[in-house]
Structures are given as C-alpha cells and as structure tokens.
Amino acid sequence: MHSLKDKIVFVTGASAGIGESTAKAFAAKGARILMCARRVERIEKLAKTLAHEHKTVSHPFRLDVRDQHAVDKAIAGLPEDWRAIEVLVNNAGLSRGMDKLPHGLVSDWEEMIDANVKGLLYVTRAVLPGMIERGRGHVINIGSIAGREIYPGGNVYCATKFAVKALSNAMRLDLNGTPIRVSEVAPGMVETEFSLVRFHGDAERAAKVYQGFRPLGPDDIADAIVWCATRPLHVNVSEMVVMPTAQASTTLVHRK
Ligand code: NDP
Ligand code: 8X3
C-alpha cells in the first residue's frame with residue numbers, strides 16, 4: 001500500500017459533497033490537505049475540523065477554476081512547503097439545467113464547459129510539470145456515468161464528462177514513461193448539492209432526484225478515490241465506475 005502520511009493532496013471543490021468528503025478521507029490517512037473552492041469560508045471551516053479531528057495541517061484558498069490567470073497565480077504562489085503536490089483530485093465541477101438542447105441556456109452550457117473541462121485542464125496544466133520534475137504524482141479526475149452514457153436533457157453536462165474521460169485517457173498516453181499515475185473515478189448518482197446546483201436552488205426538485213432508492217453518499221466516492229491513491233506505485237487504477245446498487249444505467253434506477 002502506498003502511504004500518504006505527510007504527503008500533499010490537493011482537492012479542488014472541497015467546500016461541499018464529494019470534495020469535502022475526499023479532503024476528510026485523505027486527512028484520515030495522515031495526508032496534508034491543500035484545498036480550494038469559491039466559498040472560502042466553508043473550506044476555512046473544514047480546515048478547522050480537519051485540524052481538530054485528525055490533527056491535519058491544511059491550506060485552504062479561494063479559487064475559481066474557470067479563471068486561468070487565477071489558477072496559475074495560485075499554484076505558482078503556493079508557500080514553499082505546499083508545492084510538492086503528490087495527489088491532485090480534479091473534483092470541482094457542476095451541472096446546470098436539464099433542458100433539451102434547443103431550449104438550453106447558453107450561460108449554463110458555458111459554466112459547465114468552463115468549470116468541468118477548461119478548469120480541470122487549467123489546474124492540471126499548472127500542477128503536472130512539478131509532478132514530472134519531482135518524479136512522482138497522481139492525478140485523479142472525477143468523471144461520471146454521464147461520461148459513458150447520455151441521458152435526455154444531459155446533453156452538455158454529459159459532453160463535459162465525456163471530455164473528462166477523454167482527457168484522462170489522453171493524460172495516461174502523454175505521461176507514459178513517467179511515474180505519474182492518472183485515474184478517473186466515475187460515480188453514478190451521489191446525493192450532494194449537485195442537483196440543487198443543477199436546478200438553480202430548487203430544493204424540492206433536487207430532492208426528488210434521490211427519492212425511492214438509496215443513492216451513493218459522498219463518503220462512498222471518497223473511499224474509492226483514496227483506494228486508488230493508496231495502491232502500490234506500480235498499480236494504476238485507470239478508471240473506476242461506482243454506482244448505487246439500485247442504479248443500472250443513467251436512465252434505469254429502481255425506485256420503491
Ligand atoms: P457539489 O455541488 O456538492 O460540490 C461541487 C464542488 O465543486 C463544490 O465544492 C464547489 O465549490 C466546487 N466548484 C464548482 N464550480 C467551481 C469553480 N468554478 N471553481 C472552484 N470550485 C468549484 O457536487 P458534487 O460533490 O456532487 O460534485 C463534485 C464532482 O463530482 C463534480 O465534478 C460532479 O460533476 C461530479 N459528479 C457528481 C455526481 C453526483 O451525482 N453528485 C455523479 C458523478 C460525478 P464552490 O461552489 O464553493 O466553488
Ligand atoms: C452525475 C451523475 O447521472 O446525475 O454526474 O448525471 S448524473
């Protein structure tokens with residue numbers, strides 16, 4: 001097993017859901033946690049929780065991954081003792097809307113493409129050269145079952161997650177011959193703030209998404225991410241699709 005004790009794990013989008021659980025799960029393994037999100041007050045609070053519960057040192061900072069200049073500045077400006085990132089979890093992302101394509105909001109499309117695809121690229125581009133120079137590192141991209149199967153109204157969100165799958169495969173090709181590992185963890189339905197964000201704050205509509213079956217929780221995905229990261233260094237989990245037992249595909253969920 002690869003120990004992450006005192007190693008730096010960078011989790012993007014750690015202010016909620018899968019990212020928050022992932023920061024906690026790596027902290028429980030003794031890692032030091034670098035984390036970002038736009039809602040900085042939330043990650044500052046999380047940093048206090050990590051310090052209290054796991055005696056973990058963490059470094060939270062505000063970042064909108066859609067802003068390439070801000071991403072470059074944040075990574076280049078990291079304090080000296082926070083630069084040696086061992087694991088990058090590209091988690092920051094969102095869905096917006098579920099309208100059929102002819103009626104979709106262009107602003108929703110842009111937000112998803114900018115965060116899920118361009119943001120992931122900006123962060124990865126800023127972090128990878130350091131990993132290559134140090135001769136160690138692991139990039140874990142959060143894809144989705146939506147990156148394997150399209151569902152009605154999923155159009156642009158699905159396209160961004162297909163892109164995450166393509167970019168994960170591309171990273172493995174382009175990094176072949178280096179010791180850097182690249183994994184994609186692709187969840188099915190996880191109950192987080194995801195649907196609340198997708199439906200622009202409509203809590204009733206969001207709750208319906210998870211009614212009548214047991215969805216995954218963010219801790220289930222954090223567990224899968226940590227498992228990938230702690231395999232021995234000669235083992236690279238290329239991709240892992242994790243679904244609730246009640247879910248067979250994006251369009252088939254058994255509800256009571
Ligand atoms: P949440 O809405 O609970 O969390 C999303 C996180 O991403 C928040 O911390 C949010 O922080 C951050 N984020 C969003 N946009 C940006 C941005 N521009 N810059 C920085 N951070 C950003 O959703 P999940 O935890 O469910 O989603 C996490 C990832 O998992 C996403 O990539 C999503 O596509 C993927 N996923 C989710 C599934 C699900 O069913 N929930 C299934 C499959 C994949 P803040 O708003 O503070 O910036
Ligand atoms: C999130 C999973 O099926 O709700 O990526 O789009 S789904």
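Here the structure is a predicted model, which is why all the values come from computation and not from measurement. Ligands are counted one by one from 1 in listed order, and the atoms in each one are counted from 1 as well.
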Got the closest protein heavy atom to atom 5 (C) of ligand 1, with its distance?
-> Gly93 O, 3.7 Å
Are any of the heavy atoms in Lys161 under 4.0 Å away from ligand 1?
-> yes
Contact with ligand 1 for Ala186, non-hydrogen, under 4.0 angstrom | no
Taking non-hydrogen atoms only, is Ala14 closer than 4.0 angstrom to ligand 1 via side chain, backbone, both or neither?
-> backbone
For Ser144, is at least one N or O under 3.5 Å away from an N or O on ligand 1?
-> no
Check whether any side-chain heavy atom of Met189 sits under 4.5 Å from a side-chain heavy atom of Val253, and report yes or no.
-> yes
Atom indices of ligand 1, in the order listed, that fall short of 4.0 Å to a heavy atom of Ile142 = 30 (O), 35 (C)
Which of the atoms of ligand 1 are close to Asp64, meaning less than 4.0 Å from one of its heavy atoms?
-> 17 (C), 18 (N), 19 (N)
Could you tell me whether the side chains of Asn90 and Thr124 share a donor-acceptor contact shorter than 3.5 Å?
-> yes
If you have a sec, work out which protein heavy atom is nearest atom 21 (N) of ligand 1 and how many Å separate them, to one decimal?
-> Ala92 CB, 3.5 Å
Please assess Val89 against Ile18 for the test side-chain contact (heavy atoms from CB on, under 4.5 Å), listing each intermediate value before the final yes or no.
-> CA-CA 10 Å; Val89 184; Ile18 295 168; over 6 Å; no
Please confirm whether Gly143 comes under 4.0 Å of ligand 1, counting heavy atoms of the residue only.
-> yes
Validation row: Thr22, Ile140 side chains within 4.5 angstrom (heavy atoms) | no
Within the structure, does Glu193 bring an N/O atom to less than 3.5 angstrom of an N/O atom in ligand 1?
-> yes
Gly13 to ligand 1: N or O pair under 3.5 Å?
-> yes
Do you see a donor-acceptor pair shorter than 3.5 Å between the side chains of Arg42 and Ser15?
-> no
Which residue owns the protein heavy atom closest to atom 2 (C) of ligand 2, what's the atom, and how far is it?
-> Ser144 OG, 3.6 Å
Identify the closest protein heavy atom to atom 9 (O) of ligand 1: which residue and atom is it, and at what distance?
-> Ser15 OG, 2.8 Å
Does ligand 1 have any atom that is closer than 4.0 Å to a heavy atom of Thr12?
-> no
Close-contact set for ligand 2 against Ala146 heavy atoms, below 4.0 Å | 6 (O)
Using a 4.0 Å heavy-atom threshold (strictly under), name the region of Arg39 that reaches ligand 1: side chain, backbone, both or neither.
-> both
Is the number of heavy atoms from other residues, nucleotides or ligands within 6.0 Å of NE2 (His254) greater than 12?
-> no
Among all protein heavy atoms, pick the one closest to atom 6 (O) of ligand 2 and tell me residue, atom and distance.
-> Tyr151 OH, 2.5 Å
Quick note on ligand 1: atoms under 4.0 Å from a heavy atom of Met189 include exactly 40 (O)
Using the six-membered ring of Trp109, assess whether NZ or CZ of Arg96 lies under 6.0 Å from its centre and within 45 degrees of the ring axis.
-> no
Contact check: Ile18 vs ligand 1, nitrogen or oxygen atoms, below 3.5 angstrom | yes
Counting from 1 in the order shown, the ligand 1 atoms closer than 4.0 Å to a non-hydrogen atom of Ala16 are 3 (O), 4 (O), 9 (O)
Is the count of non-hydrogen atoms from other residues, nucleotides or ligands lying under 6.0 Å from Arg134 atom CZ greater than 12?
-> yes
Say whether Arg198, considering both its backbone and side-chain N or O atoms, lies within less than 3.5 Å of an N or O atom on ligand 2.
-> no
Parallel, tilted or perpendicular: which fits the ring planes of Tyr157 and Phe194, with parallel below 30° and perpendicular above 60°?
-> perpendicular
Look at atom 4 (O) of ligand 2 and say which protein heavy atom is nearest, naming residue and atom and giving the distance to 0.1 Å.
-> Phe194 CE2, 3.8 Å
among protein heavy atoms, the one nearest atom 23 (O) of ligand 1 is Thr192 OG1, 3.5 Å
State, with a plain yes or no, whether a side-chain heavy atom of Val185 is found less than 4.5 Å away from one of Cys228.
-> yes
Do Thr250 and Ile150 pass the side-chain contact (heavy atoms from CB on, under 4.5 Å) test, and can you show the C-alpha distance, the side-chain angles, and the key distance before you say yes or no?
-> CA-CA 7 Å; Thr250 52; Ile150 320 275; over 6 Å; no
To which protein heavy atom is atom 32 (O) of ligand 1 closest, and what is the distance rounded to 0.1 Å?
-> Asn91 O, 2.8 Å
Verdict with supporting geometry, Glu41 and Arg62, salt bridge (Lys or Arg N to Asp or Glu O under 4.0 Å) = CA-CA 9 Å; Glu41 64 295 339; Arg62 192 197 175 281; over 6 Å; no
Is Leu63 touching ligand 1 with its side chain, its backbone, both, or neither, if touching means heavy atoms under 4.0 Å apart?
-> backbone
Working for side-chain contact (heavy atoms from CB on, under 4.5 Å), residues Asp202 and Leu196 | CA-CA 6 Å; Asp202 183 340; Leu196 191 66; over 6 Å; no
Determine, for Glu184 against Arg172, whether the closest basic-nitrogen to carboxylate-oxygen distance falls under 4.0 angstrom.
-> no
Nearest protein heavy-atom contact for atom 48 (O) of ligand 1: which residue, which atom, what distance?
-> Arg38 NE, 2.7 Å
Ignoring angles and geometry beyond distance, decide whether Val65 reaches within less than 3.5 Å of ligand 1 through its nitrogen or oxygen atoms.
-> yes
May I ask you to list the atoms of ligand 1 that are less than 4.0 angstrom from any heavy atom of Tyr157?
-> 33 (C), 34 (O), 36 (N), 44 (C)
Any N/O pair Val190/ligand 1 closer than 3.5 Å = yes
Step by step, work out the side-chain contact (heavy atoms from CB on, under 4.5 Å) result for Met35 and Leu50.
-> CA-CA 12 Å; Met35 53 188 171; Leu50 298 184; 4.2 Å; yes
Of Gly188, Ala222, Pro244, the residue with the heavy atom nearest atom 42 (C) of ligand 1 is Gly188
Distance-only donor-acceptor check, side chains Thr12 and Asn91, under 3.5 Å | no
Under 4.5 Å between any side-chain heavy atoms of Val235 and Leu233, yes or no?
-> no
Tell me, do Glu80 and Trp82 make a side-chain contact under 4.5 Å, heavy atoms counted?
-> no
Report, in ascending order of atom number, the atoms of ligand 1 lying under 4.0 Å from any heavy atom of Gly17.
-> 3 (O), 25 (O)
